[in-house]
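Chain letters run A, B, ... following the sequence lines, proteins first and then strands; every chain starts at 1.
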Amino acid sequence: MIGLAQVYAIAGLVFFAVAIAIGADRAEPRRFRASLFYGLLGMSFAFGDQLGDLGNGVLALALIGLVLGGALGAFKGPDPRPEPQPPISRMRLFLPALAIPLFAFGAALWLPGVHLGKAPLLVAGVKSLPSLVGLTLGAMVALCLCPLCFPMRASEPVAGGRGLLQALGWMALLPQMLAALGVVFAFAGVGGAISEIALSVLPTGNRLAAVVVYCLGMAAFTAVMGNAFAAFPVLTSGLGLPLLIGRFHGDPAAIGAIGMLSGFCGTLVTPMAANFNLAPAALLALKDRNGVIRAQAPTAVLVLIGNIALMNLLAFPNP
Amino acid sequence: MTPLIGVGVLVVGFGLRANPLGVVAAAGLASGLASGHSVPATLAVFGKAFNEARYVSLIWLTAPVIGVLERAGLRRAAQGLVARARGLTPGRLLIGYLGLRQVTAALGLTALGGQVQMVRPVLAPMAEAAADLGNGGAVTDQTRQEIKAHAAAVDNIGVFFGEDIFIAFGSVLLIHGVLAAQGFDVAPGQIARFAIPTAVLAFIVHAIRLWQRDRRWWT
């Protein structure tokens, strides 16, 4: 049986290997603190389920403390434009690169049906498990393909992974931290407070106004939480269903679908969705941390306006 | 209203450009305390959520193989692909990728893409190389920055406004679940159908923006 624990254990091994490589490198400034950071991250992945909730909280705080204490150094971003090198024609490099998504997709499709004897191969009940196992398998298969496609030294995977992770520094951890913060916000009642505001400004007699408040509310709530999935149930059961469906008799499918897509417009403009918006700025060595958000914002605003018009049109075909 | 203090801490902290990890810790603590919970209780909720959110960081599992491929010259090979294509401008490349990403995501192939696996090693170098070809290598740093930011943007926009058309995708199932809990049993296919107009709109809006920029990127 393969579950999340096995997938996370493999990720833990990657972080442990990076921690050891950094700790053993005398040329590395602050090597013990940096090694401790990746070691703790490995602990979280390999043994997080055994640490307990408070233990995991302390571990997360320790990671933050190490970063604030300068364990990873100032954030530089990966190789700020290495000296221009001539383009090369080397198609065989694309084979492993494409193997990652192809295996990820194939495994996600095929593995849920696989049984060992009577028992399913994958632990049941975790919706995202097939795609996470697929990603893990894809990365492993791609790495095994590398030496077949070009000469590769045995030390290179750890060195390459270390290079990429160290170039990203704390940015690599920010998306997970923000996801956890979204849960703390929900626990503290932030969602309820935002729906209260949305409901208090709602003129209940006007259908278009209700559509506008619902779509804008989805975008704003998503921007705060960093995740449309957290915003959707709260705003839809608090506002969309009673008002747009209950009172104005809108089409539930249209309201749900376009409401969620309005939330995605919020995802495009928020630093809270760090894996989509901030991490790429670091991965691409952008000088402006918000460069990706700036590139996306006009599209997000225009599509949100379009969503309001579409919902008004498609959810209420008989005015 | 008080739990919104945490949101305020977050906005101010990001605005002051403080280290975001420190801001996260402060914002979480502030909203937990403001809503009447103790420090250990808030920390336990944060720890549980941090542990359950490990899937977000699982993408770094690909760091070793991406690192190996980049050292072997994947980015230069991606530029090499562009060198052979005639008439390929950064804008046309990104518009093409946007359409491809939307269509594949609509078919459930969301894994074909991604910032770590596709944008950094392949798409961004190709877009930069396309600009280099058109301008005889004299691309300003400002333009380079813009092109790279837009390479990241098309990956996000493409997947966001494509995946909702795929009926087995998480958000369609979530919409179905929330509606069903309130007594509205709508088929997932019905929900996915209503994601198509927005997907088309997003493609048109963003393609027009890229096309306009292309005239500055490719002179």
Item to check | Atom pair CD1/NE2 of B:I157 and B:H150 - distance to nearest 0.5 Å | outcome: 8.5 Å
Checklist entry - Does A:L93 reach the side chain of A:F150, with side-chain heavy atoms less than 4.5 Å apart? => result yes
Next on the checklist: Counting heavy-atom pairs under 4.5 Å with chain A, which one of B:V122, B:V24, B:N51 comes out on top?
Outcome noted: B:N51
Checklist entry - Is any side-chain heavy atom of A:I293 closer than 4.5 Å to a side-chain heavy atom of A:L268? => result no
Next on the checklist: I'd like to check B:M118 versus B:R101 (side-chain heavy atoms, cut-off strictly below 4.5 Å). Are they in contact?
Outcome noted: no
Checklist entry - Does the side chain of B:W217 come within less than 4.5 Å of B:L210's, by heavy atoms? => result yes
Checklist entry - If you tally heavy-atom pairs under 4.5 Å against chain A, which of B:L201, B:T198, B:T62, B:L112 wins? => result B:T198
Checklist outcome for this item: When the 4.5 angstrom heavy-atom criterion is applied to B:V56 and chain A, the contacting part is side chain
Checklist entry - With only heavy atoms counted, which part of B:R54 is less than 4.5 Å from chain A, the side chain, the backbone, both or neither? => result both
Next on the checklist: Salt bridge or not between B:R120 and B:D155? Use side-chain N to carboxylate O under 4.0 Å.
Outcome noted: no
Item to check | Best-contacting candidate, B:A192, B:G32, B:A78, against chain A by heavy atom pairs under 4.5 angstrom | outcome: B:A78
Checklist entry - Do you know which of B:G22, B:G67, B:G80, B:A44 has the most heavy-atom pairs under 4.5 Å to chain A? => result B:A44
Checklist entry - Side chain, backbone, both or neither: which part of B:Q145 has a non-hydrogen atom closer than 4.5 Å to chain A? => result both
Checklist entry - Considering only heavy atoms, which portion of B:Y55 lies under 4.5 Å from any heavy atom of chain A: side chain, backbone, both, or neither? => result both
Item to check | Nearest-0.5 Å distance that lies between atom CD1 in B:I191 and atom CD1 in A:I258 | outcome: 12.0 Å
Next on the checklist: Using 0.5 Å steps for rounding, measure from the CD1 atom of B:I95 to the CG atom of B:L100.
Outcome noted: 13.5 Å
Checklist outcome for this item: Whatever's closer than 4.5 Å to a heavy atom in chain B on A:I245 counts as side chain
Checklist entry - With only heavy atoms counted, which part of A:L132 is less than 4.5 Å from chain B, the side chain, the backbone, both or neither? => result both
Checklist outcome for this item: Okay, B:A27 and chain A: the region with an atom under 4.5 Å from a heavy atom over there is both
Next on the checklist: Looking at chain B, which one of A:G259, A:P233, A:P175, A:P298 has the largest number of heavy-atom pairs inside 4.5 Å, strictly under?
Outcome noted: A:P298
Item to check | Approximate separation, where rounding is to 0.5 Å, of A:L145 CG and A:F103 CZ | outcome: 6.5 Å
Item to check | NZ/NE/NH1/NH2 to OD/OE distance under 4.0 Å, B:R144 and B:D132 | outcome: yes
Checklist entry - Under 3.5 Å, side chain of B:Q115 to main-chain N/O of B:A152, donor-acceptor pair present? => result yes
Next on the checklist: At a 4.5 Å cut-off on heavy atoms, which part of A:L165 comes close to chain B: side chain, backbone, both, or neither?
Outcome noted: side chain
Item to check | Heavy-atom contact with chain B under 4.5 Å, split by part of A:M152 | outcome: side chain
Checklist entry - Between CZ of A:F185 and CG of A:L178, what distance do you get to the nearest 0.5 Å? => result 9.0 Å
Item to check | Top of A:C265, A:P151, A:A11, A:P252 for chain B proximity - count of heavy-atom pairs under 4.5 angstrom | outcome: A:P252
Checklist entry - Has the side chain of B:Q102 got a donor or acceptor atom that lies under 3.5 Å from a matching backbone atom of B:F161? => result yes
Checklist outcome for this item: The interface call for B:A199 against chain A, heavy-atom contacts under 4.5 Å, is neither
Item to check | Per-residue contact mode, B:A207 against chain A (heavy atom under 4.5 angstrom) | outcome: neither
Checklist entry - Would you call the rings of A:F276 and B:F160 parallel, tilted or perpendicular, where under 30° means parallel and over 60° means perpendicular? => result perpendicular
Next on the checklist: Is A:V18 close to chain B through its backbone or its side chain, or both, or neither, when contacts mean heavy atoms under 4.5 Å?
Outcome noted: neither
Checklist entry - To the nearest 0.5 Å, what is the distance between CH2 (A:W170) and CG (B:L21)? => result 6.5 Å
Checklist outcome for this item: Checked A:P101, A:A295, A:A139 vs chain B; the most non-hydrogen pairs under 4.5 Å come from A:A295
Checklist outcome for this item: Under 4.5 Å to a heavy atom of chain B? For A:L286 that would be both
Checklist entry - Between A:L135, A:V58, A:L302, which residue shows the highest count of heavy-atom pairs closer than 4.5 Å to chain B? => result A:L135
Item to check | Side chain, backbone, both or neither of A:L59 within contact of chain B (heavy atoms, under 4.5 Å) | outcome: side chain
Item to check | Largest heavy-atom contact set with chain A, pairs under 4.5 Å, which of B:A124, B:A77, B:P188 | outcome: B:A77
Checklist entry - Sub-3.5 Å donor-acceptor pair from the side chain of B:Q190 to the main-chain atoms of B:A187, do we have one? => result no
Item to check | Option in A:P157, A:A274, A:G256 with maximal non-hydrogen atom pairs under 4.5 Å from chain B | outcome: A:P157
Next on the checklist: One pair to check against ring-ring contact (aromatic ring centres under 6.0 Å, His included): B:H37 and A:F187. What are the steps and the verdict?
Outcome noted: CA-CA 10 Å; B:H37 298 92; A:F187 164 77; 4.1 Å; yes
Checklist entry - A:L261 versus chain B, heavy atoms under 4.5 Å apart: side chain, backbone, both or neither? => result both
Checklist outcome for this item: Of A:V303, A:N290, A:V183, A:N277, the largest count of non-hydrogen pairs under 4.5 angstrom with chain B goes to A:V303
Next on the checklist: At a 4.5 Å cut-off on heavy atoms, which part of A:L181 comes close to chain B: side chain, backbone, both, or neither?
Outcome noted: both
Item to check | Proximity breakdown for A:L51 and chain B, heavy-atom pairs closer than 4.5 Å | outcome: neither
Next on the checklist: Between B:G28, B:S171, B:A181, who has the most heavy-atom pairs with chain A when the cutoff is under 4.5 Å?
Outcome noted: B:S171
Item to check | Toward chain B, the part of A:L4 with a non-hydrogen atom under 4.5 Å | outcome: neither
Item to check | Heavy-atom check, side chain of A:M140 versus side chain of B:L61, under 4.5 Å | outcome: no
Item to check | Structural part of A:T136 lying under 4.5 Å from a heavy atom of chain B | outcome: both
Checklist entry - Of the backbone (N, CA, C, O) and the side chain (C-beta and beyond), which part of B:L10 lies under 4.5 Å from a heavy atom of chain A, both, or neither? => result side chain
Item to check | Distance-only polar pair, side chains of B:T110 and B:E163, donor-acceptor under 3.5 Å | outcome: no
Item to check | Under 4.5 Å from any heavy atom of chain B - which part of A:M311 | outcome: neither
Next on the checklist: In the structure I gave you, are the side-chain heavy atoms of A:N275 and A:Q176 within less than 4.5 Å of one another anywhere?
Outcome noted: no
Item to check | A:F45 portion near chain B, given a 4.5 angstrom heavy-atom threshold | outcome: both
Checklist outcome for this item: Bottom line for B:V154: the part with an atom under 4.5 Å from chain A's heavy atoms is neither
